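For reference, the structure is listed below as structure tokens.
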Amino acid sequence: MSDDLDVLLSEHRKFDPPAAFRAGAAIASPDVYDRASADLRRYWGEQADKLEWITRYETVLDWKPPHARWFDGGTLNVSANCLDRHVRTARRNKAALVFEGEPGDRRTLTYWDLYVQVNQFANVLKSLGVTRGDRVAIYLPLIPEAAVAMLACARIGAIHSVVFGGFSPESLRDRINDSECKVLVTADGGYRRGSVVPLKRNADKALEETPSIEHVVVVRRRPGAVGDEAFAEMTEGRDLWYHRLMRGAAMWCEPEAMDAEDVLFILYTSGTTGKPKGIVHTTAGYLVGAQTSTAQVFDLKDDDVFWCTADVGWVTGHTYLVYGPLANGATCVMYEGAPDWPEKDRFWEVCERLGVTILYTAPTAIRAFMKWGDHWPARHDLSRLRLLGSVGEPINPEAWMWYREHIGGNRCPIVDTWWQTETGSIVISPLPALTATKPGSATVPLPGYSAAILDVKGNEIPVGGGLLALTQPWPSMLRTIWGDAKRYVDTYFSKWPGHPELYFPGDGAKRDDDGYFWILGRVDDVLNVAGHRIGTMEVESALVEHPAVAEAAVVGKTHELKGQAIAAFVTLREGFKQSPGMRDELRDFVGEKIGAIAKPDDVLFSADLPKTRSGKIMRRLLRDIAEGRALGDTTTLADPNVVSSLKEMYEAQES
Ligand code: WT7
């Protein structure tokens with residue numbers, strides 16, 4: 001972390017919001033920060049009043065640390081806020097989703113279209129016995145039906161749990177079982193780099209061990225495929241085609257009046273144990289966070305074309321592809337596939353052809369674009385873009401500058417947005433018309449949020465590096481971990497004993513003289529690989545399930561494109577031989593267990609792992625080895641020789 005700190009400390013460039021941008025911006029006066037901090041409850045109450053309530057709330061916030069209730073007494077429906085209130089206005093015929101599949105198929109759904117389909121699918125779910133509070137798993141490609149399924153759940157008060165289509169059958173199975181989903185919505189396949197991801201086949205493997213699932217709804221994604229049972233074998237009585245169900249479904253479904261604190265969705269994310277956490281978000285607070293932040297950070301106007309490139313399988317896709325933009329009545333682009341298919345200018349082609357005005361993507365993608373070369377974006381007219389966003393991991397100043405120049409034409413402000421699955425919506429970010437930006441800094445907390453840098457004892461560090469803390473509750477904060485209330489308290493609200501009100505996100509950060517925050521990355525055993533969160537323990541647990549593996553330790557190492565890559569140190573069992581073949585086998589094994597995103601880049605075999613005298617693996621030293629750094633303090637090791645021989649082996653393997 002100290003190397004990063006040095007780079008960031010030497011970053012002194014600063015960019016004022018462009019004057020042209022300031023005129024007509026949604027938030028153009030800095031008073032908003034003071035007004036919000038002067039009276040948090042009043043501020044969030046004002047934001048909540050911009051939603052459509054069935055019954056208005058009674059209290060804005062009930063905070064008994066670490067448990068918050070927001071907008072108690074209120075009832076509302078999220079799908080009605082995202083759809084019904086727009087179809088009553090001239091927005092009825094406005095494009096809600098402009099979809100482009102990877103093979104090039106295109107579909108535009110107006111607010112009216114989306115509204116009808118959501119109503120119909122809500123009725124389909126009801127006909128399958130889904131009622132308020134039931135869980136529905138969604139395992140789909142990035143296609144409009146994903147948004148339809150999510151909103152249909154919200155309409156009837158069912159809780160959705162979206163599982164990223166890149167996750168393995170076992171990951172899907174574990175997530176379905178953890179929250180006992182009743183219905184699974186999947187597709188015959190999705191497209192990725194020209195080939196079909198066989199989602200239904202993966203799902204079938206998962207479904208061998210998911211007793212709670214009563215029905216599987218299968219979207220026929222593969223355009224042109226006829227009698228396409230090849231990719232989807234349908235189990236009689238359990239599996240049903242989406243298009244057939246929709247044909248017979250009524251077009252009106254009364255939206256359920258949900259309590260403000262009813263659960264809207266569960267989204268699993270990795271933590272420091274082998275078991276992912278089901279992050280629980282509730283109805284009103286989440287929607288207030290999503291609606292407010294989308295309007296403020298992206299300065300949304302009615303004629304904007306907003307493209308958030310994230311998959312719905314991640315929280316970014318939930319909040320900035322579905323709920324936030326739709327609550328604001330925006331037009332969203334949804335692109336199914338890879339950025340380099342069929343060519344490395346697919347994103348720029350889409351931006352040009354669809355007239356994208358706001359682009360929100362991840363540093364890992366920006367670094368890949370940089371590497372591919374300036375000529376790819378240069379081929380396209382990107383002059384409609386007016387604002388750029390970044391999310392998911394720290395963005396290095398070099399990538400930030402490249403994004404500004406080659407995509408933003410030195411004209412568009414960049415909003416580097418820090419947040420997490422747990423925060424539900426953006427927490428630290430510039431406001432594009434107000435905040436001067438610095439390459440690599442997410443700048444300052446949005447109005448209504450407060451953050452600080454603390455030391456391990458909880459003392460504030462006004463300028464310098466330490467642990468990031470959020471010091472006040474916020475509406476879209478997670479409420480608990482599904483089925484594990486204790487883990488919620490332990491993970492997020494126990495870092496500073498005696499301060500149950502302080503939220504610990506797991507990140508290290510630094511604050512500069514201007515009060516700007518510079519996020520440095522995770523300080524726990526969680527990696528951020530290409531903007532995706534992966535627990536080291538999860539990968540270790542997968543590795544030790546392989547019959548050849550006796551012991552495994554996993555650490556992150558710097559990677560020029562992915563930010564971090566996974567390095568695994570493995571001790572084989574007696575009778576198994578290390579070989580390049582074994583290395584590939586273990587990498588693939590992790591891919592099958594968790595998903596391709598968790599495959600280690602490096603696997604190093606070693607007869608021993610460096611341990612303390614009490615038997616704890618010293619990851620710090622493994623990180624030093626993986627990064628090729630000088631070894632830190634080795635005096636607490638049981639056997640100091642282990643680590644020097646490991647280092648030699650690692651270096652030999654690298655060359
Ligand atoms: C972790 C959260 C937020 C949606 C995507 C990831 C890192 C996220 C930034 C940023 C530096 C960032 C943090 C955070 N992170 N945004 N702008 N600058 N780091 O969601 O999977 O819940 O991961 O991503 O380390 O804790 P997630």
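Numbering of residues begins at 1 and proceeds along the displayed sequence. As the structure lists them, so they are numbered: ligands from 1, and atoms in each ligand from 1. Side chains included, hydrogens not; waters and symmetry mates left out as well; all remaining heavy atoms used. The structure presented is a predicted model; accordingly, all values stated were derived computationally and were not measured.
Within the listing of ligand 1, atoms 4 (C) sit less than 4.0 angstrom from a heavy atom of V315. Under a 4.0 Å criterion applied to the non-hydrogen atoms of T417, ligand 1 contributes the atoms 9 (C), 10 (C), 16 (N), 17 (N).
Relative to the six-membered ring of Y492, K277 misses at least one condition, a distance below 6.0 Å or an angle of at most 45° to the axis.
With distances taken over non-hydrogen atoms, the option nearest atom 17 (N) of ligand 1 out of D416, V391, N528 is D416. The residue among D524, L527, V526, T421 with a heavy atom at the shortest distance from atom 22 (O) of ligand 1 is T421. Here the shortest heavy-atom distance to atom 9 (C) of ligand 1, taken over R522, E393, H318, belongs to E393. With Y320, W418, W419, W314 as candidates, the residue nearest to atom 2 (C) of ligand 1 on a non-hydrogen basis is W419.
Of the protein's heavy atoms, R533 NE, 3.6 Å lies nearest to atom 23 (O) of ligand 1. Scanning the protein for heavy atoms near atom 25 (O) of ligand 1, the closest one is D507 OD1, 2.8 Å. Looking only at heavy atoms of the protein, atom 11 (C) of ligand 1 is closest to P394 N, 3.1 Å. Looking at atom 5 (C) of ligand 1, its nearest protein heavy atom turns out to be T316 OG1, 3.4 Å.
Rounded to the nearest 0.5 Å, atoms CD (E393) and CG (D416) are 10.0 Å apart.
A donor-acceptor contact under 3.5 angstrom links the side chains of T471 and S450, judged on distance only.
In this pair, Y335 and W307 present their aromatic rings perpendicular. The plane angle is above 60°, beyond the 30 to 60° band. Note: Y323 and H160 have parallel aromatic rings, judged against thresholds of 30 and 60 degrees for the angle between ring planes.
Of the candidates K371, R193, R346, D340 forms a salt bridge (charged side-chain N to carboxylate O under 4.0 Å, His left out) with just one, namely R193.
Remark: ligand 1 and G392 share an N or O pair separated by less than 3.5 Å (distance only, no angle test). For a threshold of 3.5 Å applied to N or O pairs, the pair formed by S390 and ligand 1 contains no separation below that value.
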- Query: Between F265 and W482, is a ring pair (Phe, Tyr, Trp, His ring centres under 6.0 Å) present by the stated rule, with each step listed?
  - Reply: CA-CA 10 Å; F265 67 83; W482 186 266; over 10 Å; no
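In this structure, F298 has its ring center under 6.0 Å from that of Y320.
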